[in-house]
Amino acid sequence: MLRARGPGPGALLLRAALGLGRRGRSWQRPQGQDTGVQVHNSLTGRKEPLIVARSDAVSWYSCGPTVYDHAHLGHACSYVRFDIIRRILTRVFGCNVVMAMSITDVDDKIIKRANEMNVTPASLASLFEEEFKQDMAALKVLPPTVYLRVTENIPQIIAFIEGIIAHGHAYSTATGSVYFDLHARGDKYGKLVNTVPSATAEPGDSDKRHSSDFALWKAAKPQEVFWASPWGDGRPGWHIECSTMASEVFGSHLDIHTGGIDLAFPHHENEIAQSEVFHQCQQWGNYFLHSGHLHVKGTEEKMSKSLKNYITIKDCRLSGRSLLDSCLHCCFDSIAEPSRGPKGKQDLPLRCDLHGGTTDPVHILHKGLLNRVTQLPFWSKVESTACRLLQV
Ligand SMILES: [Zn+2]
């Protein structure tokens, strides 16, 4: 569920009802090596020098796809942008980036779509995971160092949940689900966005202590895939997978965490809460970088599956047109935009207008109608070098 970055009155009332005050940003400047790059850190809301624990092993966790459908151009732009940053860090600033990317291969949407198509969730996920990788290859996006599938990390996820329970921040219910206790987290919740999950964020959950608590483990429903656990048969909640898998690879601290801006809340906010409780640390991830939306029809409408206004990467790929050129066109504009900040440009979310009112992908791409792009400012250096590096 996407929520606005600022809290609404309802959210503030809910925080008050939960005994939570206003969030205070308490970002601690990391110790380590200054890469020489500045990034826009969502934890502070401003550009910060990117300081990593070790430049020979920069830890970077990327929230990857939920593989239940075709990826669209909004996804393409996001992955291309982060690929640019990764190449700059690696090739210009000499960092050795170790990137882990999640593959969400079990969740509500996968189960629903698999039932509709009369296939198993595993086969559906496998199909779209493969297509995603082909899409990324077509875009010349470098693969992560390692892909991490949720279904291959179930024992680790269960152990992670047990750890959170042991620290008194989660509880199991009579029906066999486990929830994160938002009350126990108190004012520490909300480092990215000053709000809490809405009471309706997880419909159908009736045995929570507080309506805003979120699921770590979901008790199995009839006809759903499940795994055995200390709380009964079930499957992981969405957020816990990333905390667990990132920790499996990188331990208790993370240099960089990336994803689309719609993941900032509640997904990344919940990841932070889970991980900092499990590791008993003050700051699990040092830099959260978020990619803005790809907008259509001016600035009012983001490209999304739910709005049915998307163009899939596969359609573009099969058209034989230069998808990468189109994406780079967007990204070059995006790269240029933040550097003009000192001259008075505003920091805006990604905006991309599709002129002419057509939704035909070939027409849009061939005519070069993806334009007027701006995005969240990620860095303030080396535009020309970035362009040179991306002549792949
Ligand atoms: Zn994630």
Side-chain angles (χ1 to χ4, degrees), residues 1-3 5 41-43 59-69 71 74-75 78-79 81-83 85-86 97-110 125 128-129 132-133 136 141 143-154 156-158 160-161 164 180 189-193 197 201-202 214-218 235-279 283-293 304-305 376:
M1 167 179 281
L2 173 64
R3 296 289 299 270
R5 289 177 63 78
N41 189 358
S42 296
L43 285 168
S59 53
W60 181 332
Y61 184 84
S62 168
C63 286
T66 300
V67 282
Y68 74 103
D69 204 347
H75 301 125
S78 180
Y79 288 110
R81 281 184 215 120
F82 287 127
D83 187 59
I85 298 174
R86 183 181 175 190
V97 173
V98 180
M99 176 185 278
M101 179 182 288
S102 61
I103 299 283
T104 301
D105 58 352
V106 60
D107 89 327
D108 291 340
K109 291 191 286 288
I110 292 172
F128 284 111
E129 177 185 330
F132 171 79
K133 290 175 178 174
M136 293 301 107
V141 170
T145 313
V146 59
Y147 285 110
L148 302 163
R149 294 185 193 87
V150 175
T151 57
E152 295 174 353
N153 286 274
I154 300 296
Q156 293 87 341
I157 290 171
I158 290 172
F160 204 95
I161 295 171
I164 296 174
F180 189 91
Y189 188 88
K191 289 190 171 184
L192 281 171
V193 182
E202 295 185 349
F214 59 89
L216 302 180
W217 186 261
K218 295 182 174 183
R235 59 187 169 91
W238 173 31
H239 318 295
I240 195 66
E241 65 189 46
C242 289
S243 291
T244 303
M245 297 193 297
S247 300
E248 280 294 303
V249 176
F250 299 119
S252 60
H253 287 93
L254 192 58
D255 291 320
I256 302 169
H257 193 308
T258 55
I261 187 64
D262 53 330
L263 296 182
F265 183 84
H267 185 53
H268 290 165
E269 200 72 74
N270 291 351
E271 278 189 46
I272 292 170
Q274 296 164 160
S275 300
E276 292 185 351
V277 166
F278 180 85
H279 295 298
Q283 186 166 292
W284 167 61
N286 290 331
Y287 298 88
F288 276 76
L289 312 187
H290 289 112
S291 169
H293 294 306
S304 76
K305 287 176 180 168
L376 295 170

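The analysis underlying the following values was restricted to heavy atoms, covering all of them including side chains, and did not include hydrogens, waters or symmetry mates. One-based numbering, in listed order, for ligands and for the atoms of each.
Between the Zn ion (ligand 1) and Cys242 there is an N/O/S contact shorter than 2.8 Å. Counting backbone and side-chain atoms alike, His239 contributes no N/O/S atom closer than 2.8 Å to the Zn ion (ligand 1).
Contacts of Tyr68 classified as ring-ring contact (aromatic ring centres under 6.0 Å, His included), with partners at least two apart in sequence or in another chain: none.
Judged by the 6.0 Å distance and 45° axis criteria, Lys133 is positioned over the aromatic ring of Tyr147.
Using the six-membered ring where Trp is involved, Phe180 and Phe214 have ring planes that are parallel, under 30° apart on the 30 and 60° scheme. Phe160 and His279 have perpendicular rings, their planes meeting at more than 60° on a 0 to 90° scale where under 30° would count as parallel.
At the Zn ion (ligand 1), the vertex angle linking SG of Cys63 with NE2 of His267 is 120° (nearest 10 degrees).
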